[in-house]
Structure formats: structure tokens, C-alpha cells
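Computed from heavy atoms alone, side chains included, the values below leave out hydrogens, waters and symmetry copies. Reminder, nothing fancy here: chain letters follow the sequence lines and each chain counts from 1.
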Protein chains: 2
Amino acid sequence: MADINSSSAKIRTAGQDGAGAADDVREPDLDFELIELLFFAYRDFVSDPDTILAEYGFGRAHHRVLHFVNRNPGITVTELLDILKITKQSLGRVLKQLVESGFIEQQTGSFDRRQRLLFATTAGHDLAIRLAAPQSHRILAALEKLPAGSEAAARDFLLQLVNDTERAEVRRLTAKR
Amino acid sequence: MADINSSSAKIRTAGQDGAGAADDVREPDLDFELIELLFFAYRDFVSDPDTILAEYGFGRAHHRVLHFVNRNPGITVTELLDILKITKQSLGRVLKQLVESGFIEQQTGSFDRRQRLLFATTAGHDLAIRLAAPQSHRILAALEKLPAGSEAAARDFLLQLVNDTERAEVRRLTAKR
DNA sequence: AATTTATGTCAGCCATATTGACTTATTTCG
DNA sequence: CGAAATAAGTCAATATGGCTGACATAAATT
């Protein structure tokens, strides 16, 4: 293997040139710590259900859809799209698979017959609970190691991270029960 | 459009049948609230840099690679794979693009000449900062609305969400400066 | 009656991830 | 020294989950 970059151009190094703080790597006004912790926490948090999902040939997209349908019985397709922030086509594929495999059922709306209200079947509910369990255990295990009030603090922090325009809706969806 | 599911099978509904709490939707032992808040917070948090990335034809994968290279000058490919938890092939593609477009440079390791140490170029550093800025602003704006101590509480909570096996390493990577 | 809305679907494309096998260079170890 | 292990790069094939744009149908609204 030949050497790479033997004539090194302008790269940034971590000091050690004895010239003082001229090439300081720190960027003190940016909260890298929380940026990275959000990445690492989410990385491990979403990986929990993967082995369960693999049993059914499902992916994380199926998980998200099933979760919010189970939690919001009778939700419409449009409402689901607003939550997931994906396109109709992207949702359509996984939703169809969940319906065909018997985890979600559709009912024509009684007020507005254009709507297809979505419900988890018993199997869908059971699977949603199985998928939520390891994530919930991870959260509760974390909170057990932290002082009282940490759950409320975490809730408040995460809610404030949500877009201003979405916060009321997210509060409604998450805090209702 | 024909009706769907006119002969409805076993679906779960949200009460309203006058039969009491027999089909209660709540699952009191699962922390759905924090599960969902993590989803919503992360959904909006990672969307911040998208428009900047689109300027360069990059995606979120490029962002993650550039971020951790910029923050860890001289990181090896193996270390980067451990952080991102993706395969060598997945990393290879985006890393190659970042090198070819001049945001990351490689240097042969001096101790171990098999290694390719990764560094952000000046352009890479500048882009990494541009990408981190809206995420950091989102975090700081959230913390401004919350009581003192919320930053430490958020940090502690997120760190505890990380896998036990990874926590020490994540602490080392994030808390170092 | 015309328009808007909710949903579904087609065709195609792109980004990002996977596995498994294999190569090269280099280091480490017996 | 020679064998084995390691770091990195690459190949081919495949899957998932996003996207756009266009179009169709049914039903509600104006």
C-alpha cells in the first residue's frame, strides 16, 4: 500500500506544534457534547427492537408506523404522514405490508368516508408492545440511576428540542395518557 | 372507492363502547411518553442541517462522518466504524466522496503504517461548524427556556441511555473538551 | 357544477445500509 | 524468520427506505 498524502495540504491538527493556541480545536460556542450525546443515545435506543423486527422481516420504518397507529387508534393517513414527516409513497409501502401481514387494519371513516382510519389488530398491538418494551426498559434503567425529577427534566428538554411549530401537537400526542 | 373492512375483525378501539375500561388503550408500565419524545426531538434535530448538506449533494451519512472526523483529528477508520456502527462498505462510499471533494484528508499513520489517519481540511472544518451551528442553536434555545441544571440533567440522561458497554467510550469522546 | 381533499398508485430514482469474499500492506507473535 | 493477525480498501449483489412527479378515484365542500 502506497503512502497517502505525503505532501500534506492544509489539514487541522490538535496542537502539538508548540505554537500555542493558534490552531485550537475547540469551538466553545457550540454544544458539541449534547449534539453527540443525542447521536449516541439515539443510536443505541433505536437498535433495541431490531432483532424483534427481523423476526418478521420488518425494518425501523414498520416499527414507527405500527407504534403510532397502535398509540392513536383510528389515526388517518394524513395525520400519520404529519407525524413521520415522510412522503405518502414511503408510508404506503410499509403500511401495505403491515396491513397484508395482519398487524394493521383499515376502516372507512364514518364522518368522512374518504378517510381510511387505521387500527392495530390484536397481533399488531402485541407486537407494538414487544417492540416498546426494550426501549422503555432502557429509559427506566437510565432514570433509576439518576436523581428524582430526571424524568420530567428529560421530558421538558426533549419537548423543547421539537420545532416551535410542532410542539403543541407533539405535546398533545405524547402527554395525553 | 369501495369500503374497506366492512366486516371488521379484531381491532382495538379507544373505548366509547360504554363497556367501561375493558379495552383500555394505556400500557402503564411502558414509558411511551419518553419513547415518543425521543423520536420527535431527534426527527427535528437531525433535519436542521439538511438544506446545508443539499448544497453539496451530501446526505446525513456525510454529516456524521465529517462531524466525528472534525472532532477527532487523526481518527482511524476502525474507530470511526465503532462510533457510527455501520459497515466498512457503507463508510467507504461517503468517506471517499468527502476525500474527493476536499473536506477530509488521509495520512498514513506514523506508528502503524497500515492506518489511514483522517483529518478534516480547513474546508471540512468550516463545513462541520456550519452543520453543527443550527443543531447547537436548537439545543441552547431549548435550555434557555428550562431551569438551571437542565443541561447537566440532559447530558446525564442521554449518557445513561447509551449501552453499558459503550458508555465509557462515549463519555471519553464527548466530555473531553 | 366546480373545486378541493384524502387516499392510493405508477414509474423511476437515489441514498444508505447490508453480507460475503477477497486483496494488499503491515504489524505482531511464536 | 515465517505465520498469523490486523487495518484498510474493494468487488458484486442485495435490501430498505427515502424521494419526485404524475395521475386516478371517491367523497366532501363551496
Side-chain angles (χ1 to χ4, degrees), chain A residues 1-6 43 46-47 49-51 53-54 56-66 69 74-101 104-118, chain B residues 1-6 39 42-43 46-47 49-51 53-54 56-66 69 74-101 104-118:
Chain A
M1 224 183 252
D3 279 24
I4 283 183
N5 196 39
S6 48
R43 178 196 68 177
V46 296
S47 77
D50 284 352
T51 41
L53 289 164
Y56 300 87
F58 290 157
R60 291 174 185 177
H62 301 84
H63 181 194
R64 293 192 287 270
V65 170
L66 178 60
V69 169
I75 192 174
T76 65
V77 170
T78 302
E79 289 165 343
L80 201 45
L81 291 176
D82 284 344
I83 287 174
L84 300 175
K85 302 268 191 241
I86 58 176
T87 59
K88 198 168 29 165
Q89 291 71 12
S90 299
L91 173 59
R93 206 172 344 97
V94 294
L95 182 55
K96 177 183 257 183
Q97 291 173 312
L98 286 165
V99 169
E100 285 171 353
S101 42
I104 290 181
E105 285 189 358
Q106 294 166 302
Q107 282 187 353
T108 299
S110 44
F111 294 110
D112 186 338
R113 291 172 46 79
R114 291 171 304 181
Q115 294 178 334
R116 294 285 174 270
L117 309 185
L118 305 176
Chain B
M1 221 183 256
D3 279 24
I4 284 181
N5 196 40
S6 48
F39 166 77
Y42 201 76
R43 178 197 67 176
V46 296
S47 76
D50 284 352
T51 42
L53 289 164
Y56 301 86
F58 290 158
R60 292 174 184 177
H62 301 85
H63 182 193
R64 293 192 288 270
V65 171
L66 179 59
V69 169
I75 192 174
T76 66
V77 169
T78 302
E79 289 165 342
L80 201 45
L81 290 176
D82 284 345
I83 287 175
L84 300 175
K85 301 271 192 239
I86 58 176
T87 59
K88 197 169 27 165
Q89 291 72 12
S90 299
L91 173 60
R93 199 181 356 93
V94 294
L95 183 55
K96 178 183 259 183
Q97 291 172 316
L98 285 165
V99 169
E100 285 172 353
S101 41
I104 289 180
E105 285 189 358
Q106 295 167 301
Q107 283 187 352
T108 299
S110 44
F111 292 110
D112 186 338
R113 292 173 44 80
R114 291 171 303 180
Q115 295 178 333
R116 293 287 175 268
L117 310 185
L118 304 175

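With contacts defined as side-chain heavy-atom distances shorter than 4.5 Å, the pair B/I104/B/V65 qualifies. Side-chain contact between A/V99 and A/Q106 is present, with heavy atoms from C-beta onward closer than 4.5 Å.
Counting non-hydrogen atoms of neighbouring residues, nucleotides and ligands closer than 6.0 angstrom, the NZ atom of A/K85 exceeds 12 such neighbours.
To the nearest angstrom, P of D/dT25 lies 14 Å from NZ of A/K88.
For B/K96 against D/dG9, a side-chain-to-base donor-acceptor contact under 3.5 Å is absent. For B/Q115 and C/dT26, a side-chain-to-base donor-acceptor distance below 3.5 Å is absent, hydrogens and geometry of angles not being considered. The base of C/dT7 has none of its N or O atoms less than 3.5 Å from a complementary donor or acceptor on the side chain of A/R114. Between the side chain of B/Q89 and the base of C/dG20, at least one donor-acceptor pair of N or O atoms lies under 3.5 Å.
Between A/Q106 and C/dG8, a side-chain N or O to OP1/OP2 separation shorter than 4.0 Å is present. Contact between the side-chain N/O atoms of B/S90 and the OP1/OP2 oxygens of C/dT18 is found at a separation under 4.0 Å. For A/H62 and D/dT16, the shortest distance from a side-chain N or O to OP1 or OP2 is not below 4.0 Å. At C/dT26, one or more side-chain N or O atoms of B/R113 fall inside 4.0 Å of OP1 or OP2 (strictly under the cut-off). Using a 4.0 Å cut-off, no side-chain N or O of B/T87 falls inside it from OP1 or OP2 of C/dA17.
Among the atoms of the strands shown, base atoms are found under 4.0 Å from some heavy atom of B/R93. Contact annotation for A/G92: no contact, since no heavy-atom pair falls under 4.0 Å across all strands.
A donor-acceptor pair under 3.5 Å links the side-chain atoms of B/S101 to the main chain of B/Q97, judged by distance alone.
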